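Take this structure first; my questions come after.
A, B, ... follow the sequence lines: proteins, then strands. Residue 1 opens every chain. Please read all numbers here as calculations on a predicted model, not as lab measurements.
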Amino acid sequence: MPELPEVECLVRHLNRHLPAEALRKISITSPRHLRREEGKPEKWGSDLRGCRLDRFSRRGKFWIMFWKPGSGRGNHPDPQPVVGHLGMTGRLFFHRERSGSPTDGAVFKHTAAIFDFGSSRLVFTDPRRFGMLTRNADVLKSLGPDPMDADWCSMTWPDRITGSSRAIKVTLMDQSAVAGLGNIYASEVLHQAMIHPAAACKNLTPDDWHRLHHCIPDVIQKAVGIGDSLSLDFSGLSSVDRLFYYGTREGSSDDGEVFRVYDREGEPCPRCGAPIQRMIQAQRSTFFCPACQPLP
DNA sequence: ACGACTGTTATTAC
DNA sequence: CGTAATAACAGTCG
Ligand SMILES: [Zn+2]
């Protein structure tokens, strides 16, 4: 589940393990992931070879790499961005060769791209192939405000959102409305804000919008804090996956983190005890408490 | 074995 | 324009 919190924790982790070496080679093993790219895949190698990976950043669910030219004073004086998205099942991790270790010379399944630094590789795997990779940073332009940005506080809900006939849960998952919320955290936010997921946006009160504005970063930042405190497996290779689904029961028993409503159909609401209900909205499961999330 | 279900989002149709 | 359905995939689980 790469929603905003997982991507944020991933980016923080990767920034702690940046390779000092320059890029030797890029292998684009899934051309499909470049479907939002304009240039040819071959150009990636010529433009980025010899560059150093300066840092990772994030916007919504997108992660962004910045590449600095190597000593050779290349054609690109400014850091070049490479933007990626993990889709549903994408993973991104550094793999270091260690002779004698079980993963020495490992070949990974479902790779989308591999960045080779010599003594380590940055591996992007994605079985379902919903993810993407591009040097076209314009893909970020359609994103709405990010709940972890400093300017979130000054954001006001635009008329096209407050006047919309869509259900609020569907709108919260619209990346042009809010960048970073996905199917899990949309349900979690609405439970905390005590708003029915099927409520039409245009029927929400100013106080509803105010609570949403407050609850979205609250839920997100708590999740980031928890994810950052765990020792996570970013590769998804171990049996217990500690990044994706770090909020569910597995791996949470001793960490105290659990989603309050997501995937909890029939269980008592942690706030009022009523059974959590499941419904389908926009072909996705929604979980909510019918007692403390009333329709307006 | 089979069908339900899964963390997303372009694209298409109205 | 805004809204909704669908397709693009491969895996897991009961
Ligand atoms: Zn409740």
| field | Minimum-distance nucleotide to A/R160 side chain [options: C/dT3, B/dC5, C/dG2] | value |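 Of C/dT3, B/dC5, C/dG2, C/dG2 is nearest to the side chain of A/R160.
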| query | Can you check the A/K61 NZ to B/dT9 C1' distance for me, whole Å? | reply | 8 Å
| Bracket notation of DNA chain C in which parentheses pair within the strand, [ ] cross earlier pairs, and | pairs with another strand (Watson-Crick or G-U, under 3.5 Å) | .|||||||.|||||
| Summary of protein contacts for nucleotides 7-14 of chain C, nucleotide by nucleotide, where a base hit scores B, a sugar-phosphate-only hit scores S (4.0 Å, heavy atoms) | -BBBS---
| request: Grab the CD1-C1' distance between A/I280 and B/dA4 for me, whole Å please. | output: 10 Å
| request: Any side-chain hydrogen bond (donor to acceptor under 3.5 Å, both in side chains) involving residues 19-28 of chain A? Give me the pairs, sequence neighbours left out, ordered by first then second residue. | output: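 Every pair satisfying side-chain hydrogen bond (donor to acceptor under 3.5 Å, both in side chains) with a residue in residues 19-28 of chain A: A/E21-A/S119.
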| said: Rounded to whole Å, how long is the line connecting atom CD1 of A/I184 with atom C1' of B/dT8? | reply: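 One finds 12 Å between C1' of B/dT8 and CD1 of A/I184, rounded.
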| task | Go through A/F56 and A/I64 one step at a time and tell me if the side chain to side chain contact (heavy atoms under 4.5 Å, CB included) criterion holds. | result | CA-CA 5 Å; A/F56 285 86; A/I64 307 151; over 6 Å; no
| task | Examine C/dT3: is either OP1 or OP2 under 4.0 Å from a nitrogen or oxygen in the side chain of A/S165? Give yes or no. | result |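 Yes.
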| On DNA chain B, nearest-nucleotide positions of A/R278 versus A/G182: which is more 5'? |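 Nearest-nucleotide comparison on DNA chain B picks A/R278.
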| message | In terms of relative ring orientation, are A/F259 and A/Y262 parallel, tilted or perpendicular, with 30° and 60° separating the classes? | response | perpendicular
| said: Which residue is it: A/K169, A/E3, A/E188? I am looking for the one with a side chain to side chain donor-acceptor pair (under 3.5 Å) to A/N183. | reply: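 Considering A/K169, A/E3, A/E188, a side chain to side chain donor-acceptor pair (under 3.5 Å) with A/N183 is found only for A/K169.
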| request: Mind checking side chain to side chain donor-acceptor pair (under 3.5 Å) for A/K40 and listing every partner two or more places apart, or none if nothing turns up? | output: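 By the side chain to side chain donor-acceptor pair (under 3.5 Å) rule, A/K40 matches no residue at all.
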When you compare the protein's N or O atoms with those of nucleotides 10-14 of chain B, which come within less than 3.5 Å of each other, and at what distance?
unit_1, atom_1, unit_2, atom_2, d
B/dA10, OP1, A/R36, NH1, 2.6
B/dA10, O5', A/R36, NH1, 3.1

| task | Grab the NZ-C1' distance between A/K169 and B/dT8 for me, whole Å please. | result |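 Taking NZ of A/K169 and C1' of B/dT8, I get 12 Å after rounding.
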| request: Send over the distance from A/D263 CG to B/dC5 P, rounded to a whole Å. | output: 12 Å
| said: Are the side chains of A/R121 and A/F108 in contact, using a 4.5 Å heavy-atom criterion? | reply: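 Yes. Closest side-chain heavy atoms under 4.5 Å.
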| request: Could you check which of B/dT8, B/dT9, C/dT3 has an atom nearest any side-chain atom of A/M88? | output: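 Among the listed nucleotides, the one closest to the side chain of A/M88 is B/dT8.
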| query | Does A/Q283 put a side-chain nitrogen or oxygen below 4.0 Å from OP1 or OP2 of C/dT6? | reply |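 No, because none of the side-chain N or O atoms of A/Q283 sits under 4.0 Å from OP1 or OP2 of C/dT6.
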| message | Between the side chains of A/R59 and A/D149, is the shortest nitrogen-to-carboxylate-oxygen separation below 4.0 Å, so that they form an ion pair? | response | yes
| Starting at CD1 of A/I168 and ending at C1' of C/dG2, how long is that distance when rounded to a whole Å? |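 Computing the A/I168:CD1 to C/dG2:C1' distance gives 16 Å.
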| Is a side-chain donor-acceptor pair under 3.5 Å present for A/Q192 with A/D218? | yes
| task | Using atom CG of A/N183 as one end and atom P of B/dT9 as the other, report the distance to the nearest whole Å. | result | 11 Å
| message | Hydrophobic cluster membership, with links at side-chain heavy-atom distances under 4.5 Å among I/L/V/M/F/W/Y: are A/M132 and A/L4 in one? | response | no
| task | Could I get the full list of side chain to side chain donor-acceptor pair (under 3.5 Å) partners for A/D208, not counting sequence neighbours? | result | A/T205, A/R211
| said: For a 4.5 angstrom cut-off between non-hydrogen side-chain atoms, does A/L204 reach A/T162? | reply: no
| task | For B/dC5 versus C/dC9, give the span between their P atoms, rounded off to a whole number of Å. | result | 22 Å
| request: Classify the angle between the aromatic ring planes of A/H33 and A/F124 as parallel (below 30°), tilted (30 to 60°) or perpendicular (above 60°). | output: perpendicular
| message | Measure CG/A/L86 against P/B/dT6 and give the value in whole Å, please. | response |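 Checked: the CG to P distance equals 20 Å.
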